[in-house]
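Reading through the structure tokens given below for one structure.
Order of the sequence lines fixes the chain letters, A, B, ..., with proteins taken first and strands second; residue numbering starts at 1 for each chain. Heavy-atom basis, side chains included; hydrogens, waters and symmetry copies ignored.
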Amino acid sequence: MSKVYICTAIPYVNGDPHIGHAMDYLLADTFARFCRLNGDDVKFQVGTDEHGNKVFSTALKKGVSVAEYAKQNSQKFLDFIQKLNISYTDFIRTTDEGHVARCQKIWQKLSPHIYAGNYDGWYCDGCEGFITQKEYDENHGICPDHQKPYQRLTEKNYYLRIADFRADIAKAIESDNFRILPEFRKQEVLKLLEDTPDISISRPRGKLSWGVSVPGDDDQVMYVWLDALSNYITVLGYPDRDISDFWPATAQFVGKDILRFHTITWPAILLGLGLPLPENIVSHGHVLLNSKKMSKSLGNVVDPLEVIEHHGIEAFRYYFLRHIDTFTDSDFTWEKFDEAYNNELANDLGNLIQRLATMCHKNDIHGQELNIELDEQYLSLMGSYEFSKAFDQIWLKIQQINKNIDVSKPWELAKSGDSEKLNTVLQEMVHNLLSVGKYLEPFLPDTAAKIEDIFGTQETITAPSEPLFPKNRQ
RNA sequence: CGCGGGAUAGAGCAGCCUGGUAGCUCGUUUGGCUCAUAACCAAAAGGUCGUUGGUUCAAAUCCAACUCCCGCAACCA
């Protein structure tokens, strides 16, 4: 039994949970459950990122206190996480007192690598933020949202000296000691690392009031990323406690869009603190809607709660873990979702459970206890986060059982009175289906439990009165 | 010349590293079965593997050039 620590990116609470957040949670949860299946001791962190200007100004607009607004939204995410049946062990808010105090201690520990400097760039009053040179060029120097020309502005910032860590980070990435998955992102990150300048890690209080104060400089507030990234270790109690039992993390799950922060800023912070780097950073792709990027401006956002409502949480987990590829962007459409539900969950698996249970019941077959070793292929796919491929393997087993039923024709054996053979045949299928349940556990925990309930009983097997995945549901 | 990925049956993808009858899932058509949620099983049709050229006895696979699509490029899962 080994200690496993799994982390998810903490979402920024300035909005409702969306499909993308679900990907982080589902992948991490599946891995966590897989590790438990292997007997590991799993710590599994989730949380919310609550500081920063956007939260502050939205709260102001809504006429609620910022603390209250953050709390409400944080609760929304927690509800969402629970709805997804995520088996987390720790939930952290960046507004937690303990986290804030620990961040300040982290800052102090990093101080040999921090220096005060000036940030110089194009700034828009209306947006209250700096913009990139590229954006400046594209908009011809005028903010499209506010119709005002950008101004050249210089402000005091503290910087983290990236040069102190660049070589070590690159070495860790190249050697896979700090492994970036999928592999094709590695090159991207290494290139990016070369060009990364020192990282600004604070803002003047006048620009950013809702955040963690910089120790020793009341006019400065920590940049949200420093505060947010630290959560992975403050939740373990760092630096107040020794965290070596669970740190370094076994796997951190992040969206591809925030990979840079987790492969450059984050390791720089860790190295500055003298801590080891996480073993794996797993970056997943984005969910596309009808092959298009989901975005508020396009108005094509799908509410995950609506999707969950449609066929239930197990179907939701099923679709996103199997048909949305772990590493690349994949498409969500209602048609595909329905198709997967009907063909695979209802027809292949649900119907198999129903038909086998009914046959067992008619022939007075008792359930059995399952004792199996997970096969090598499954272990290897799961261990390398190839969840959709692992799913394909499981489905082959399901199809095999369906095929076996047709080949061995239990109904004919029953008619001919060959009860010995019938018994053997059905018992074998029950065994195989129970093992499918075992393999499904990390993905579809409720379904796995139901299979266990039906076929793992000491009594005569009984078909459930209501199919597991009824068709013609709304 | 910023970095990277991709182009294979109506759709979504695998195969390419380590050249040698082009494969999977869905959809379509036909047949079988009756235990089951009109579910299950089998078979068939459907592709000159983005374009052009090269290497080779042999190229989806190796090489070169080109065309088109897409991701990333400091706060967006």
(request) Could you check whether A:G20 gets within reach of a base, just the sugar-phosphate, or nothing at all, counting any heavy atom under 4.0 Å? (result) base

Kindly give the atom pairs (protein nitrogen or oxygen, nucleotide nitrogen or oxygen) under 3.5 Å for nucleotides 41-45 of chain B.
unit_1, atom_1, unit_2, atom_2, d
B:C41, O4', A:D406, OD2, 3.1
B:A42, OP1, A:K403, NZ, 2.9

(request) Kindly assign one of parallel, tilted or perpendicular to the pair A:Y319 and A:H323, based on the angle between their ring planes and the thresholds 30° and 60°. (result) tilted

(request) Round to the nearest Å and state the distance from A:L259 atom CG to B:C76 atom P. (result) 16 Å

(message) Using whole Å, what does the distance between atom P of nucleotide B:A14 and atom CD of A:Q393 come to?
(response) 15 Å

(message) Between A:F253 and A:Y385, does the ring pair (Phe, Tyr, Trp, His ring centres under 6.0 Å) criterion hold? Intermediate values first, please.
(response) CA-CA 10 Å; A:F253 291 84; A:Y385 313 97; 5.7 Å; yes

(request) Return the 5'-most residue of the pair A:K256, A:A9 with respect to RNA chain B, ranking by each residue's nearest nucleotide. (result) A:K256

(request) Taking atom C1' in both B:U61 and B:G20, compute the distance separating them and give it to the nearest angstrom. (result) 11 Å

(request) Can you tell me, in whole Å, how much space there is between the P of B:A42 and that of B:C76? (result) 50 Å

(request) Between B:U67 and B:U52, how far apart are the C1' atoms? Round to whole Å, please. (result) 10 Å

(message) Please give the distance between the C1' atoms of B:G47 and B:G31 as a whole number of Å.
(response) 25 Å

(message) Would you call the rings of A:Y378 and A:Y439 parallel, tilted or perpendicular, taking 30° and 60° as the class edges?
(response) perpendicular

(request) Report which part of the nucleic acid A:P11 touches: base, sugar-phosphate, or nothing (heavy-atom distance under 4.0 Å, all strands). (result) nothing

(message) When the C1' atoms of B:A45 and B:U29 are compared, how many Å lie between them, rounded to an integer?
(response) 7 Å

(message) Students often get this wrong, so: under 4.0 angstrom with heavy atoms, is A:H18 touching a base, only sugar-phosphate, or nothing?
(response) base

(message) Quick check against the 3.5 Å criterion: does A:T250 have a side-chain atom that pairs as donor or acceptor with the backbone of A:Y5?
(response) yes

(request) Starting from Watson-Crick (N1-N3 plus N6-O4 or O6-N4) and G-U wobble pairs under 3.5 Å, report the runs of at least three that RNA chain B belongs to. (result) B:2-7 with B:67-72, B:10-13 with B:23-26, B:28-32 with B:40-44, B:50-54 with B:62-66

(message) Please determine whether a side-chain nitrogen of the Lys or Arg among A:E386 and A:K389 lies less than 4.0 Å from a carboxylate oxygen of the Asp or Glu.
(response) yes

(request) Would you confirm whether A:Q354, through its side chain, and A:L349, through its main-chain N or O, come within 3.5 Å as a donor-acceptor pair? (result) no

(message) Both A:D24 and A:I405 contact RNA chain B. Taking the nearest nucleotide for each, which residue is further toward the 5' end?
(response) A:I405

(request) Would you mind reading off the distance between A:I19 atom CD1 and B:C76 atom C1', rounded to a whole angstrom? (result) 16 Å

(request) Spell out yes or no: do the side chain of A:N351 and the base of B:A36 have one donor N/O and one acceptor N/O closer than 3.5 Å? (result) yes

(message) Is A:K191 close enough to B:A73 that one of its side-chain N or O atoms is under 4.0 Å from OP1 or OP2 there?
(response) no

(message) Tell me whether the side-chain N/O atoms of A:K471 come closer than 4.0 Å to OP1 or OP2 in B:A39.
(response) yes

(request) Taking side-chain hydrogen bond (donor to acceptor under 3.5 Å, both in side chains) as the test, write out the residues that go with A:T460, two or more places apart. (result) A:D364

(message) Is A:H286 stacked against the base of B:A77, taking the criterion as centroid distance under 5.5 angstrom and interplanar angle under 30°?
(response) yes

(message) Applying a 4.0 Å non-hydrogen cut-off, can you work out what A:D257 is touching in the nucleic acid: base, sugar-phosphate, or nothing?
(response) base

(message) Measure CD/A:Q354 against C1'/B:A36 and give the value in whole Å, please.
(response) 7 Å

(request) Assign A:M23 to base, sugar-phosphate, or nothing according to its heavy-atom contacts below 4.0 angstrom with the strands shown. (result) nothing

(message) Say we look at B:A9 and B:U28: how far apart would their C1' atoms be, to the nearest angstrom?
(response) 12 Å

(request) Measure up the A:H262 and A:Y232 rings against each other and bin them: parallel (under 30°), tilted (30 to 60°), perpendicular (over 60°). (result) tilted

(request) Indicate, with a heavy-atom threshold strictly under 4.0 Å, whether A:K186 touches base, sugar-phosphate, or nothing. (result) nothing

(message) By the 4.0 Å heavy-atom rule, please label A:K409 as base, sugar-phosphate, or nothing.
(response) nothing

(request) Taking the six-membered ring for Trp and the single ring otherwise, decide whether the centroids of A:Y341 and A:Y318 are under 6.0 Å apart. (result) no

(request) Check A:Y12, A:F320, A:F77 against A:H21 for a ring pair (Phe, Tyr, Trp, His ring centres under 6.0 Å) and give me the one that passes. (result) A:F77

(message) Does A:H361 have more than 12 heavy atoms from other residues, nucleotides or ligands lying within 6.0 Å of its NE2?
(response) no

(message) If I pick the C1' atom on B:U48 and the same atom on B:A59, what distance separates them, to the nearest angstrom?
(response) 14 Å

(message) Roughly how many Å apart are B:C62 and B:A7, using the P atom of each and rounding to a whole number?
(response) 12 Å

